[in-house]
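I have placed the structure first, in the form of structure tokens, so that the comments after it can refer back to it.
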Amino acid sequence: MDTLKDAKRVGLRNIETEELIAVYPHKPVGTDEEIEKAVRDWYYEQDCAAEEKMRAAVVEPLTTAELETL
């Protein structure tokens with residue numbers, strides 16, 4: 001599918017509310033699986049209590065509007 005490796009920026013998004021939880025600060029590099037693992041590992045390092053939030057989150061490319069606000 002390669003939707004992440006072609007993205008300029010990615011972030012964690014709540015599955016139910018579609019709210020952007022966090023923006024990954026690095027350029028996504030690797031396969032989609034490698035990028036997803038890197039983003040989740042990075043977010044977990046930021047806040048060990050974030051495990052519960054990550055259960056209801058998905059790694060997705062940022063929208064054009066979100067990219068413009070960075």
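Sequential numbering from 1 along the given sequence is applied to the chain's residues.
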If you measure from the Lys or Arg side-chain nitrogens to the Asp or Glu carboxylate oxygens, is any gap between Glu66 and Arg13 under 4.0 Å? yes
Electrostatic pair Lys37:Glu34 at N-O distance under 4.0 angstrom: no
Using side-chain heavy atoms (C-beta onward) and a distance below 4.5 Å, is [X] in contact with [Y]?
X: Tyr24; Y: Arg9; value: no
X: Ile35; Y: Val29; value: no
X: Val58; Y: Leu12; value: no
X: Pro28; Y: Val10; value: yes

Minimum-distance pair of heavy atoms, taken over all atoms of Glu36 and Val59: CG-CG2, 3.7 Å
Where do Lys5 and Gly30 come nearest, in terms of heavy atoms and distance? CB-O, 3.1 Å
Suppose clustering is done on Ile, Leu, Val, Met, Phe, Trp and Tyr with side-chain heavy atoms closer than 4.5 Å. Which residues sit in the same group as Leu62? Leu20, Val23, Leu67, Leu70
To the closest 0.5 Å, what do you measure between CZ (Arg55) and CG (Asn14)? 14.0 Å
Do other residues, nucleotides or ligands put more than 12 heavy atoms under 6.0 Å from the CD atom of Glu16? no
Hydrophobic clusters here meaning ILVMFWY residues chained together by side-chain heavy-atom distances under 4.5 Å, can you tell me if Tyr44 and Val39 are in one? yes
